[in-house]
There are 2 protein chains.
Amino acid sequence: MGRTARIDRDGVIAAGLALADAGGLAAVTMAAVAARLGVTPMALYRHVGDKADLLDGMVEHLVTEVPPPTTGPWFDRLARLAGAVRESARRHPNVFPLLLQRPANTPGARQVRDGVCSALEEGGVDPARSAQVERLLSTAVLGFAASEAAGRFSHHSPRQLDQDFALLLEMLLRFVESGVTTVDGAAPDPRGPPGAPLR
Amino acid sequence: MGRTARIDRDGVIAAGLALADAGGLAAVTMAAVAARLGVTPMALYRHVGDKADLLDGMVEHLVTEVPPPTTGPWFDRLARLAGAVRESARRHPNVFPLLLQRPANTPGARQVRDGVCSALEEGGVDPARSAQVERLLSTAVLGFAASEAAGRFSHHSPRQLDQDFALLLEMLLRFVESGVTTVDGAAPDPRGPPGAPLR
DNA sequence: ACCTGAACACCGTTCAAGT
DNA sequence: ACCTGAACACCGTTCAAGT
């Protein structure tokens with residue numbers, strides 16, 4: 001008879017995210033999510049499959065929250081993207097670490113990856129190797145953001161972590177510009193960045 | 001009256017590790033750990049505090065399983081340590097990702113960190129900045145190993161991941177040798193590694 | 001000192017039932 | 001089509017009791 005649904009998948013995921021942000025992953029209970037939506041726990045199963053599916057949806061939400069920049073110089077785009085990733089980790093410190101534990105071939109992840117790859121190729125990276133470089137760079141950035149969010153560096157000052165992040169970006173820039181991954185003999189400007197220094 | 005204990009903390013942690021390796025973190029149940037030791041669940045609480053403490057112990061076990069090398073050229077030591085970290089991740093793929101989610105100031109973590117720092121200083125890194133460089137390098141290596149262990153790159157071949165890891169090490173080496181973090185004017189051999197190329 | 005048995009509040013998930 | 005109520009097997013943890 002087409003009763004109008006009172007909740008939908010996005011709402012369930014948003015409720016789970018809000019609970020995780022406020023009280024950690026342990027607070028994400030089918031019962032708690034349902035209560036937040038004013039519904040019984042079993043009502044969730046029509047929209048979410050099971051709890052693992054709910055967590056997957058929450059992680060994917062994080063990924064799609066970080067759209068890759070499309071304007072500006074190639075490394076500027078990468079630096080802004082990395083910064084946005086870091087901010088997402090700060091917004092959702094309890095969920096973010098799950099990002100490193102799931103296959104990196106979801107739709108949202110692919111979109112980010114493509115943005116990184118085209119920036120890298122603009123920076124002179126051999127298109128045949130840009131995917132490999134992308135894995136390296138994104139793993140380093142995700143690893144840092146996850147560590148920071150989860151409190152692995154909680155005994156360091158925010159200012160120190162900002163410096164660490166800047167140094168990380170500098171390492172990545174130098175690596176790309178070193179020409180290790182460019183096509184033979186086509187390494188553009190293998191010494192030093194063309195723009196202003198990072199720090 | 002000093003009854004001789006039938007189990008101890010190390011045994012509980014080892015049992016938890018074995019269960020996690022075989023069936024994932026979800027298989028690490030107080031009941032399952034106890035059953036594996038031939039004891040009731042409540043017997044564990046004398047040795048382990050609670051379940052979070054058990055997981056902490058399991059993670060710390062992983063760290064102490066990777067002793068930093070003390071012989072050989074500085075970068076060779078770092079490369080072997082990174083390889084050992086990667087192997088630890090492969091041995092305990094379900095527990096390893098937790099390593100990035102816990103404060104990096106446990107005894108075992110400190111020992112590894114000190115080994116990395118002295119290698120870096122031998123490589124010319126300013127002692128005042130070696131701790132910062134260590135955070136960057138270890139985060140990149142842990143992030144890669146955790147990603148690989150958790151299956152984030154499961155759609156890539158083992159051979160591809162070996163190449164990724166080699167490229168990661170090359171990036172780290174180039175960064176240290178670039179002289180960004182050496183004391184002013186004391187950058188030793190800022191161009192190219194002294195030994196054979198990595199790949 | 002070390003382990004057990006019984007009990008508690010909670011968890012994810014199922015199934016059949018309601019509208 | 002969407003939600004509910006009752007039920008099930010399991011979870012971590014407590015407390016008092018046993019030896």
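Computation of the quantities below employed the complete heavy-atom set of this structure, encompassing side-chain atoms and omitting hydrogens, waters and symmetry-equivalent molecules. On a predicted model such as this, the values are computed, not experimentally measured, just so you know. Convention: sequence-line order gives letters A, B, ...; per-chain numbering from 1.
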> Is A5(B) touching bases, backbone alone, or none of the nucleic acid, heavy atoms closer than 4.0 Å?
Replying inline: sugar-phosphate
>> In whole Å, I'd like the distance from the CG atom of L44(B) to the P atom of dT14(D).
In response: 13 Å
> In whole angstroms, how far is the C1' atom of dA1(D) from the CD1 atom of I7(A)?
Replying inline: 13 Å
> Do side-chain atoms of S88(A) reach the backbone of A84(A) as a donor and acceptor pair under 3.5 angstrom?
Replying inline: no
>> From CE of M42(A) over to P of dA1(D), roughly how many Å is that when rounded to an integer?
In response: 21 Å
> Do the side chain of D126(B) and the main chain of T181(B) share a donor and acceptor less than 3.5 angstrom apart?
Replying inline: no
>> Heavy atoms from C-beta onward define the side chain here; which of dT13(D), dT13(C), dT4(D) lies closest to that of K51(A)?
In response: dT13(C)
> Is the shortest side-chain N to carboxylate O distance from D56(B) to R102(B) below 4.0 Å?
Replying inline: yes
> Distance under 6.0 Å and angle within 45° of the ring axis: does R86(B) meet both against F144(B)?
Replying inline: no
> Do any N or O atoms from the side chain of N94(A) and from the backbone of A20(A) form a donor-acceptor pair under 3.5 angstrom?
Replying inline: yes
> Thinking salt bridges, do D76(B) and R80(B) make one under a 4.0 Å N-O criterion?
Replying inline: yes
> Does E148(B) come within less than 4.0 Å of R152(B), counting only side-chain N to carboxylate O?
Replying inline: no
> Tell me: CG of L37(B) to P of dC2(C), nearest whole Å?
Replying inline: 15 Å
> Taking S157(B) for the side chain and Q160(B) for the main chain, is one N or O donor matched with an acceptor at less than 3.5 Å?
Replying inline: yes
> Reading DNA chain C 5' to 3', what string of ( ), [ ], | and . shows its pairs, if Watson-Crick and G-U wobble pairs count only when both distances fall under 3.5 Å?
Replying inline: ||.|||||...|||||.||
> Counting only non-hydrogen atoms, which of residues 16-36 of chain B are less than 4.0 Å from DNA chain C?
Replying inline: none
> Does dT19(C) have OP1 or OP2 sitting under 4.0 Å from an N or O in the side chain of R6(A)?
Replying inline: no
> Nearest-Å distance, CZ (R9(B)) to P (dC2(C))?
Replying inline: 15 Å
> Looking only at side-chain N and O atoms, does H47(B) come under 4.0 Å of OP1 or OP2 in dC3(C)?
Replying inline: yes
> Between atom CG in D50(A) and atom P in dT13(C), what is the gap in whole Å?
Replying inline: 5 Å
> Y45(B) side chain: which of dC3(D), dT13(D), dC2(C) is closest?
Replying inline: dT13(D)
>> Before you tell me yes or no, could you show the steps for V176(B) and F75(B) under side-chain contact (heavy atoms from CB on, under 4.5 Å), namely the whole-Å CA-CA distance, both residues' side-chain angles and the distance that decides it to 0.1 Å?
In response: CA-CA 10 Å; V176(B) 174; F75(B) 191 78; 5.8 Å; no
